[in-house]
Amino acid sequence: MKVSPDALAHLPADAIQGAYRSALAARLIDAKILILLRQGKVFFHIGCSGHEVAQVAVALAMRPGHDWAYPYYRDLGFSLQYGYTIEEIMLEALHRRGGPSSNGFAMPFHYGHRKWRIVSQSSPTGTQYLQAVGTAMGAVKEGTDEVVYVSSGEGATSEGEFHEAVNWAARGKFPVIFLIQNNRYAISVPVRDQLAGESVSGMIKGYGRLNRYHVDGCDFAEMFGAAADAVARARRGEGPSVIEADTVRLLAHSSSDDQRKYRDAHDLEEDVKRDPIPRMERLLTEKGILSPGDCARIRTEIQSRIDSAAEWAEGRPLPDPADLESHVYAPALPPAAPPATPAAAGASVVMVDAINHALAEEMALNPRMLIYGEDVAGKKGGVFTATRGLTDRFGPDRVFNSPLAEASIVGTAFGLAVRGDFKPVVEIQFGDYIWPALMQIRDEVAMLRFRSCGQWSCPMVIRVAVGGYIHGGLYHSQSIDGFFSHIPGLRVVYPSTAADAKGLLKTACRSADPVLFLEHKGLYRQAFASSPEPGPDDTIPFGLASVRHAGEDVTVVTWGMLVQRTLDAVRKVESAHGLSIEVIDLRTLNPLDTEAVYNSVRKTGKVIVAHEDTLTGGFGAEVAALISSACFERLDAPVTRVAARDTPVPYGPTLENAMLPQETDLIRALEALIRY
């Protein structure tokens, strides 16, 4: 893409001088923090030396506080030009309270600033691309002229999520500026080992409606010309741009790296010759914007401010350990009263229809709620028809299909959710296929509130069909609750009846936390899971277990498909032995209603924990450990677990029946516990 060679002519001199100050400040901050590192005051550094001019040029073309930014960990120059102060950078470098990104909760140089719409960033490379696309999707849906910036080095373009993001952005003509800062090394791996072609811009030329620029990232005028053109195109609705900026890396990858181990002296010398700071100074003096004396004076002023800022930040308070658990979840609401019997309960409904009705009611209630995923739109309404009819009712702008890419679904939902004006409710077809999205769920969605010290949140719902007993085999029968219950920051919900599914899903759609909503596909149309349908105002609070069957002699704690199997087993054992057995359905695994469990176990003295997931590492192990710790002196027998065998779920019915827990397994466990 050709750009105007005189783009700087339209800028006032003070704006250009401000960009020079930002670039120079970034260079001098790098040097200062390396000194603090040697003094043991800073633990980690990742610098931008050699990248400053490319970064400040793009930031100069944007509107901070109006546009959005997803910078990567080398974007110090961008962040300073976009609105960060030197003092804020020093607070974060020295892990002090008051830093706008994390208050010391996250590593430094992972930028985030609510005021300027810099979304809190993480360490994984490439996850930010899809998030930026989601935020840009929101701008289009809102009808604004907001532009979204996202950046990385050339190495991160090897991640599949980069290609997913470029594809989705080009498909939707979303206003995203992808800045790829190509310094030719991904830590130690040279670009020739990263790319099949000669450049990133060449590699992506097949993506269609995509503006591509390949520029000298050390040349301020050329860099600003490309950035200004790309931003203007995005504001006019002409789609996304990828700017590949050839830069130089004048420092090692990070303070943990020594680039002399993999770069020879000649290579390092050639980079120094292209140093963008002296080149920018020559350009500005040639244009009469600065004199050599101005450059020296500005350098002295900035260095003095950096030294003062470092001394000031060092005197600021460290993070308070008392706040450690304050930003994992949304602030607690007043305890919710247990729901009364629904006053307007309707005819009996199966679980999949209850889910459909809950989604429809919440879509009508919240015009900012969006539903998308693979095959969810139109007359199909998902592979299990849970979203059937919703596109016709609410339109294709609110209920639509995504590409077949799980990371894309969750990553773009992140970008929509952080805007604060959308509530994405997305579907993953099978739990077996959620794993491409695991990085987005664990490292991004669940961690955002914590790493930003509560400045950012990501309220979304991820619906996913799980579980076996359907002859689905290895790749359509997996239980995933044990994996995801281990993730702080993520709510995990697992209903066993239609009424619970509707009430809990409505709560999930209103939650300020991200929610993984597990739907057992074997329960979707089972008569035993059907219920009188609750009314549109009936919700069920998270963290409130249900006593499915009252008893005095033994407790069974369970959830999901095992609830009905447990009830069937309990009826037979009670009839045979004249005992009463209490069945607790957890309904939500996070939050967990421990008091309901403890109260029952303290009453009965004997307990079985039953679940469909494998025995080893299943969530039942956590429940058993909690019971053993809190109720040890009231136990009359060891805590027993009934779970699946430690193999994948097989396809053949005889094998599946042998692997998954059956009613007979529960009967044997109950009778053994009674005899103990």
Do [X] and [Y] sit within salt-bridge range, that is, some charged N less than 4.0 Å from a carboxylate O?
{"X": "Asp145", "Y": "Arg236", "value": "no"}
{"X": "Arg184", "Y": "Asp246", "value": "no"}
{"X": "Arg263", "Y": "Glu270", "value": "no"}
{"X": "Lys423", "Y": "Glu362", "value": "no"}
{"X": "Arg491", "Y": "Asp513", "value": "yes"}
{"X": "Asp67", "Y": "Arg117", "value": "no"}

Flag the pair [X] / [Y] as yes when their ring centroid distance falls below 6.0 Å, and as no otherwise.
{"X": "His476", "Y": "Tyr433", "value": "yes"}
{"X": "Phe109", "Y": "His45", "value": "yes"}
{"X": "Tyr149", "Y": "Tyr70", "value": "no"}
{"X": "His471", "Y": "Tyr651", "value": "no"}
{"X": "Phe414", "Y": "Trp456", "value": "no"}
{"X": "Phe430", "Y": "Tyr475", "value": "no"}
{"X": "His51", "Y": "Phe78", "value": "no"}

Item to complete: Examine the side chains of Asn103 and Gln455 and answer whether a donor and an acceptor come within less than 3.5 Å of each other.
Response: no
Worksheet item: Ser151 and Asp75: side chain to side chain donor-acceptor pair (under 3.5 Å), yes or no, with the steps?
Response: CA-CA 8 Å; Ser151 71; Asp75 268 10; 2.5 Å; yes
Worksheet entry | Exceeds 12 heavy-atom contacts within 6.0 angstrom, atom CZ of Arg388 |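 Atom CZ in Arg388 is not packed in, count stays at 12 or less.
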